[in-house]
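Order of appearance sets the numbers: ligands from 1, and atoms from 1 within every ligand.
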Amino acid sequence: MSRPRACVLLLSVMAALRLLPRLLPVSRTRLVRSHSAGAPVSVPARIAEKRRAALLGGGQARIDSQHKRGKLTARERILLLLDPDSFVEYDMFVEHRCADFGMESDQNKDFTVFGGSLSGAHAQKICKIMDQAVMVGAPVIGLNDSGGARIQEGVESLAGYADIFLRNVLCSGVVPQISLIMGPCAGGAVYSPALTDFTFMVKDTSYLFITGPDVVKSVTNEDVTQEQLGGAKTHTAVSGVAHRAFENDIDALLNLREFFNYLPLSNRDPAPVRKCHDPSNRLVPELDTVVPMESTKAYDMVDIVHSIVDEREFFEIMPSYARNMIVGFARMNGRTVGILGNQPKVASGCLDINSSVKGARFVRFCDAFNIPLITFVDVPGFLPGTAQEYGGIIRHGAKLLFAFAEATVPKITIITRKAYGGAYDVMSSKHLRGDVNYAWPTAEVAVMGAKGAVQIIFRGKETDAEAEYVNKFANPFPAAVRGFVDDIIEPSTTRIRICRDLEVLASKMQSNPWKKHANIPL
Ligand SMILES: *[C@@H]1O[C@H](CO)[C@@H](O)[C@H](O)[C@H]1NC(C)=O
Ligand SMILES: *[C@@H]1O[C@H](CO)[C@@H](O)[C@H](O)[C@H]1NC(C)=O
């Protein structure tokens with residue numbers, strides 16, 4: 001039961017792009033002048049001239065300076081990002097009301113009036129295309145590069161921002177929204193990317209912050225550079241605001257293309273399926289020995305994911321943030337899946353605030369867009385300590401639990417090793433409507449690890465108590481006899497089993513009780 005529809009749709013996709021905001025007024029100034037100075041020009045000639053001027057953007061000098069900074073122009077970016085000849089530009093002729101005012105009183109060349117008034121028209125263009133995107137069910141991609149202009153914010157531009165924010169919120173869960181930050185983005189403008197599903201950044205040339213280094217210095221007396229405050233490294237590794245960072249414009253756009261192929265066009269479409277050359281019945285023999293005998297020894301969950309998914313292709317999301325949890329997109333027998341996994345290599349794969357939030361948001365994206373979830377579990381529990389308790393691990397951990405429980409997409413879980421305590425419940429257990437839950441022979445589904453349990457039960461006195469505990473509890477059988485895991489499988493067969501299950505689950509229908517919306521613990 002393959003579903004080739006999505007492939008065709010992917011080719012005919014329409015993207016709503018936010019263009020360099022400074023393109024229009026500059027070209028327009030020149031246009032109006034040339035037109036008003038000469039003899040009357042015919043309508044077709046005027047159309048042609050305006051198009052030509054718009055295509056030139058800010059002129060060759062500006063194009064050169066953009067290139068010197070290692071950046072591409074908006075048009076070059078579009079060429080790289082989209083399929084050849086697929087970009088149809090709307091609103092090329094939109095001009096700003098205040099710009100007309102500027103031309104009337106020709107002496108008024110104040111950039112602050114001009115630049116500030118710009119946002120109104122810019123925002124209207126964005127809103128118009130977003131409204132259409134929701135109507136036809138097309139993802140919205142924003143390429144954000146303000147060119148470093150410092151816009152004096154008039155009320156009109158505030159209104160413009162809010163108009164966009166509202167669209168971002170209304171689009172959320174209807175069409176995927178992706179922001180690629182390719183230049184500075186500061187002040188209120190940051191909230192549009194923040195409201196979208198994924199924010200990608202270009203290293204060294206993009207910044208996101210609410211208040212820049214100068215204001216920070218005057219208010220908190222902190223010395224900080226733009227890069228430290230809101231560069232790609234900060235947002236991918238510390239704040240968790242951005243989901244990936246790329247080397248340069250070209251790398252970013254090509255990765256965005258690759259990423260886009262994983263997504264359905266809207267919540268009305270199933271997860272895309274594309275032709276797969278990796279056999280669905282491929283055994284992965286190395287998995288039979290991948291989990292170390294000593295249950296305290298680490299291994300790399302990303303390696304396991306690579307070996308199981310189609311062509312070893314895994315598009316990781318937030319790879320530098322909360323690395324104890326891995327999330328990302330891959331394909332199984334051609335069908336997009338969302339992958340989550342505890343990472344035993346980092347903090348033993350325990351759950352904490354950061355990883356819970358990272359995982360929860362990813363689960364909710366997948367659930368909103370019909371992308372099945374595959375969860376690899378090796379979790380010793382929640383990270384103990386005052387930092388976590390004071391930080392609200394109860395509230396934040398609840399997000400992940402909530403997201404998994406609420407999700408109605410196909411959910412397949414593989415317990416590779418530890419599934420201890422409350423963390424066992426949280427990680428897409430059978431009890432949270434997991435559809436198929438597998439355990440590898442190395443799985444230990446238990447209230448806690450043997451050492452801790454023995455200390456509590458026997459106060460560490462009995463020497464052979466630990467072995468007894470392991471024998472009795474720290475294995476997959478107690479869960480399997482109760483049906484909490486559906487099967488104990490040979491690890492090498494994991495890919496085969498998942499591919500089969502996804503076929504069966506493709507027609508899964510499940511719904512939650514009617515509600516206006518749920519109240520996830522934020
Ligand atoms: C960045 O894009 C948003 C829309 O996503 C837009 O509102 C904003 O004007 C852009 N940022 C700047 C600084 O121009
Ligand atoms: C969670 O993220 C914050 C902000 O980046 C960081 O300071 C903290 O160390 C992280 N916590 C853990 C347990 O990694």
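- Seen from the ring of Phe198, Arg244 does not count as a face-on cation partner, given the 6.0 Å and 45° thresholds.
- Of the protein's heavy atoms, Val238 O, 2.4 Å lies nearest to atom 5 (O) of ligand 2.
- Atom 7 (O) of ligand 2 lies below 4.0 Å from none of the non-hydrogen atoms of the protein.
- Paired with Phe329 under the rule ring-ring contact (aromatic ring centres under 6.0 Å, His included), one option of Phe260, Phe362, Phe315, Phe314 passes, and it is Phe362.
- The nearest protein atom to atom 13 (C) of ligand 2, hydrogens excluded, is given as Asp352 OD2, 3.2 Å; this is a heavy-atom distance.
- Salt bridge status for Asp300 with Lys345: present, with a side-chain N to carboxylate O gap under 4.0 Å.
- Taking only nitrogen or oxygen atoms, main chain and side chain alike, Asn354 reaches within less than 3.5 Å of ligand 2.
- Comment: Lys203 engages Glu247 in a salt bridge, judged by a side-chain N to carboxylate O separation of less than 4.0 angstrom.
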